[in-house]
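As structure tokens, the structure follows; a few thoughts come after it.
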Amino acid sequence: MRISQVGGVIAAASIQSAAPMLLAGAIPVIERVVITFQQAGVFPIAVVTGAEEERVRYLLSGYGVIFLPNTRPEAPPLFDSVKLGLSYLQGKCDRVVFTPVSVPLFTPDTLAALIRAPGEAVTPSCRGRAGHPVLLSEGVIPSILSYEGPDGLRGALSALGPRRTFLEVEDRGILLNVRSAGELEAQLARHNHAILRPEVRLGIRRESAFFDGRLKLLLFLLSDTHNVRRACAAMGLSHSKAWSMINRLEEELGYRVVTRRQGGSRGGRTSLTARGEAFLLAYQRYEEQVLRFAQEQFQKHLLAGGVL
């Protein structure tokens, strides 16, 4: 199912180079990157896990992200995570933004500028130096996935030739790696100001809430996996809780959202009905519009007004 215009991949798998639970200010770097993605309207967000996987899953279980374990027994190279994330999101969104978790301080404004920029593969640069995140259109993803040459993602992007473009930004956060501890600390105040945002929790309710962002993600995963257990594993949700949420949603809507087919040890096949799929897509469009309006009004009345 094509669910959105821009999805995201965060690589947090490498035991050697990823430090997802390293604190940047009061929160871990993985949480900071997810917040930045979400503020720019990126959905779905796939986190390629490996390093400190259990802690990462526990921390992000309420954020509505998808966990993609990198199961290589040795420390996986970054390009493995790139390919894993792109393979998963291929066909689900028009463009994909990718970053390693080790570059946590680029701003939502930089990400929004990348999303607005024309081009098939857009890399931000600051004073002539290229950084992260990188934005890839659906059209170049097959070329990235099939690349077997040297230098991993850097080599794959270079091989795109004129299809790759650069966007100059005034954001040193695109260059700062977690290994640059002193510079990261110096940039934290700026980044904390950049991620200042309205906190809007959307859902649908009558006497109580029966639909929210977590159930939206569950329905999206069911459209992809056709299996409740696999969907639950991908988002850190219990099987019994998932069925409770689905049953309640169907009761409130008055129609079937999913089809149920019994079957063996793998739990059968569960797919979205046509009405369930229409409901999910309509809610996604509604949410995108509300969040965009909330951000615009926050900027107009609080940030531009100088009270924050």
Side-chain angles (χ1 to χ4, degrees), residues 6-24 27-38 42-90 92-93 96-106 111 121 123 130-136 141 144-157 173-181 184 217 221 224-225 230-237:
V6 183
V9 176
I10 303 169
S14 174
I15 305 299
Q16 294 178 343
S17 61
M21 297 302 294
L22 177 72
L23 289 181
I27 59 176
V29 291
I30 184 66
E31 187 175 4
R32 192 171 283 272
V33 176
V34 168
I35 287 171
T36 303
F37 271 26
Q38 290 183 335
V42 175
F43 178 85
I45 299 171
V47 178
V48 183
T49 59
E52 303 184 86
E53 180 171 0
E54 291 304 316
R55 294 180 67 196
V56 168
R57 290 176 70 96
Y58 181 80
L59 172 71
L60 298 180
S61 61
Y63 273 88
V65 302
I66 299 164
F67 300 106
L68 300 177
N70 192 318
T71 56
R72 283 184 58 147
E74 69 276 16
L78 178 65
F79 199 34
D80 274 14
S81 294
V82 175
K83 289 186 173 183
L84 182 60
L86 292 181
S87 295
Y88 179 77
L89 289 181
Q90 193 172 22
K92 298 178 176 67
C93 42
V96 176
V97 59
F98 165 81
T99 190
V101 72
S102 57
V103 183
L105 293 190
F106 59 88
L111 185 49
T123 300
H132 287 286
V134 175
L135 191 73
L136 303 170
I141 289 177
I144 301 292
L145 293 178
S146 63
Y147 181 77
E148 298 292 344
D151 296 329
L153 178 61
R154 182 182 290 110
L157 291 173
I174 70 168
L175 307 174
L176 297 182
N177 191 285
V178 293
R179 292 187 293 273
S180 308
L184 283 179
L217 181 62
L221 285 166
D224 181 54
T225 66
R230 288 202 296 271
C232 289
M235 63 180 291
L237 181 68

Nearest heavy-atom contact between Ala156 and Ile144 is CB-CD1, 3.9 Å
Heavy atoms of Ser81 and Asn70 approach each other most closely as OG-ND2, 3.7 Å
If you take all heavy atoms of Leu157 and Ala121, which pair is closest and at what distance?
-> CD2-CB, 4.5 Å
To the nearest 0.5 Å, atom CG of Leu68 lies from atom CG of Leu89 at 7.5 Å
Expected output: side-chain Gln38 to main-chain Tyr63 donor-acceptor under 3.5 Å | yes
Atom CG of Leu176 and atom CZ of Arg179: how far apart are they, to the nearest 0.5 Å?
-> 12.0 Å
For Ile66, which of Ile45, Asp224, Leu221 qualifies under side chain to side chain contact (heavy atoms under 4.5 Å, CB included)?
-> Leu221
Is there a donor-acceptor pair closer than 3.5 Å between any side-chain N or O of Ser87 and the backbone N or O of Leu84?
-> no
Spacing of Thr99 atom OG1 and Leu111 atom CG [to the nearest 0.5 Å] | 9.5 Å
Ignoring hydrogens and geometry, is there a side-chain-to-backbone donor-acceptor pair from Arg32 to Pro104 under 3.5 Å?
-> no
How many angstroms lie between atom CE of Met235 and atom CZ of Arg57, to the nearest 0.5 angstrom?
-> 10.5 Å
Are any of the side-chain heavy atoms of Leu237 and Leu217 separated by less than 4.5 Å?
-> no
Side-chain contact, heavy-atom cut-off 4.5 Å: Phe67 with Leu60?
-> yes
Any idea which heavy atoms bring Pro28 and Leu59 closest together, and the distance?
-> CG-CD2, 3.8 Å
Gln90 and Leu145 have their tightest heavy-atom pair at OE1-CD1, 3.5 Å
Can you list the residues that meet the side chain to side chain donor-acceptor pair (under 3.5 Å) rule with Glu52, with sequence neighbours excluded?
-> Arg55
Distance (rounded to the nearest 0.5 Å) between Leu86 CG and Leu153 CG | 8.5 Å
Which value, rounded to the nearest 0.5 Å, describes the distance between Cys93 atom SG and Ile141 atom CD1?
-> 7.0 Å
Thr36 meets the side chain to side chain donor-acceptor pair (under 3.5 Å) criterion, sequence neighbours left out, with none
Provide the closest heavy-atom pair for Ala12 versus Val47 in the form atom of the first, atom of the second, distance.
-> CB-CG1, 4.4 Å
Check: Leu135 and Val6 side chains under 4.5 Å, non-hydrogen atoms = yes
Heavy-atom side-chain proximity of Asp151 to Phe79 below 4.5 angstrom = no
Show your working on side-chain contact (heavy atoms from CB on, under 4.5 Å) between Tyr88 and Val96 and close with a plain yes or no.
-> CA-CA 11 Å; Tyr88 179 77; Val96 176; over 6 Å; no
